[in-house]
Amino acid sequence: MLPMLLAGCHEKHPVDLNYVSPAPSFCEDSAYQYVAEQCAFGPRVMNSAAHDSCGEYIAQKFRDFGMTVIDQYADSKLYDGTPIRMRNIIASYNPEARARILIAGHWDSRQWADNDPDEANHHTPIDGANDGGSSIGVMLEVARQLQQQSDSARVGLGVDFICWDAEDSGESGGGNGDSWCLGSQYWSGHQHLQGYRARYGINLDMVGGHNTVFYREQYSMKYAPAVVDKVWGAAQRIGYGKYFSYDDDGSYITDDHLQVNRSGILCIDVIGCDTEGGGFPATWHTLDDNIKNINKETLKAVGQTLLEVIWTEQ
Ligand code: AHN
Ligand code: ZN
């Protein structure tokens, strides 16, 4: 019998209703819980006790899921000269495998809600449930799924989860592009292992909000169009074309993926946009970026797509 083919209104590639994915099911309840647990420490702003405790939590969770964890500590300075101590956390599945991919996202949260509608909040730190927490929550659940597989069916690919620090302390208005992404800037010049290579990278940013859609970010299209195709194609294949949309082009966004590209590894950014208007999510850099505004379906769409990419990588 011919497979039934159906082109939904959001799909560029027709959905094959007979397609059976080899990937396990991503549990959005687990991912949500990992976001909530990060938020419970308080805002993860640089040089704070909450930040440091949450870093320990993240590293320990990855170890609990059988990953080999490398900590990369480094000193840096915020754009206003404040000294900071950064911790990039690199957790590896199958650390000995030659064929590897990289999945990344930042774990720090912004020290100011400088996009809050109420100006009185502009100097208050944010929980960063979506902006920071969601990426780590999804990566932890992907790691847990990798560990859960029975020995006979284990994925042979290597996967490196890189949790960037100090992404979100940049200068308001985006004027000073170098003031953002300090952890990944450091890593791009000092990789955690000498001669580190990955086939490609997927950076996650704001992957857990309400009313979220992922458009093809333009630097990703410029540097790594085949990786964009791979990820968007995987999403469409398993029915998440509504989230991974071809309807509009994304914009050019300064984010951690640029630093990975700078290091010579092709990397894309999966960054949430608001379904209304296509800009950053409505809660972006506001006090509303908290656990109440995390959407499990969005976490599921991104997490299941990543599992599909991993389980179908040759
Ligand atoms: C700038 O605003 C220059 N880049 C956005 C990167 C970012 C901040 N992603 C989340 N928070
Ligand atoms: Zn941010």
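Worth knowing before you read on, the calculation uses all heavy atoms, side chains too, and leaves out hydrogens, waters and symmetry mates. In listed order, ligands and their atoms are each counted from 1.
- Counting non-hydrogen atoms of other residues, nucleotides and ligands closer than 6.0 Å to CD of Glu276 gives a total of 12 or fewer.
- Between the side chains of Asn290 and Asp127, not a single donor N or O lies within less than 3.5 Å of an accepting N or O.
- Ligand 1 lies nowhere less than 4.0 angstrom from a heavy atom belonging to Arg110.
- The closest side-chain donor-acceptor pair between Arg63 and Gln60 falls under 3.5 angstrom.
- Near Trp284, the atoms of ligand 1 lying under 4.0 angstrom from a non-hydrogen atom of the residue are 8 (C), 10 (C), 11 (N).
- Heavy-atom proximity to Asp131, at under 4.0 Å, picks out these atoms of ligand 1: 10 (C), 11 (N).
- Between Asp255, Asp168, Asp289, it is Asp168 that holds the heavy atom closest to atom 8 (C) of ligand 1.
- Heavy-atom proximity to Asp205, at under 4.0 Å, picks out these atoms of ligand 1: 7 (C), 9 (N), 10 (C).
- Residue-to-ligand polar distances keep His106 apart from ligand 1: every N/O pair is separated by 3.5 Å or more.
- Ring geometry for His192 against Tyr196 counts as tilted: the plane angle lies between 30° and 60°, on a 0 to 90° scale.
- Side chain to side chain, Ser184 and Asp256 meet the donor-acceptor criterion of an N or O pair below 3.5 Å.
- Nearest N/O/S atom of Asp131 with respect to the Zn ion (ligand 2) is recorded as OD2.
- Among Asn203, Asn176, Ile271, Thr254, the residue whose heavy atom lies closest to atom 5 (C) of ligand 1 is Thr254.
- A donor-acceptor contact closer than 3.5 angstrom is absent between the side chains of Gln38 and Tyr57.
- Distances from the Zn ion (ligand 2) to each N, O or S atom of Asp168 single out OD2 as the nearest.
- Between Glu167 and Arg110, none of the side-chain N atoms (NZ, or NE/NH1/NH2) sits under 4.0 Å from a carboxylate O, so this pair counts as no salt bridge.
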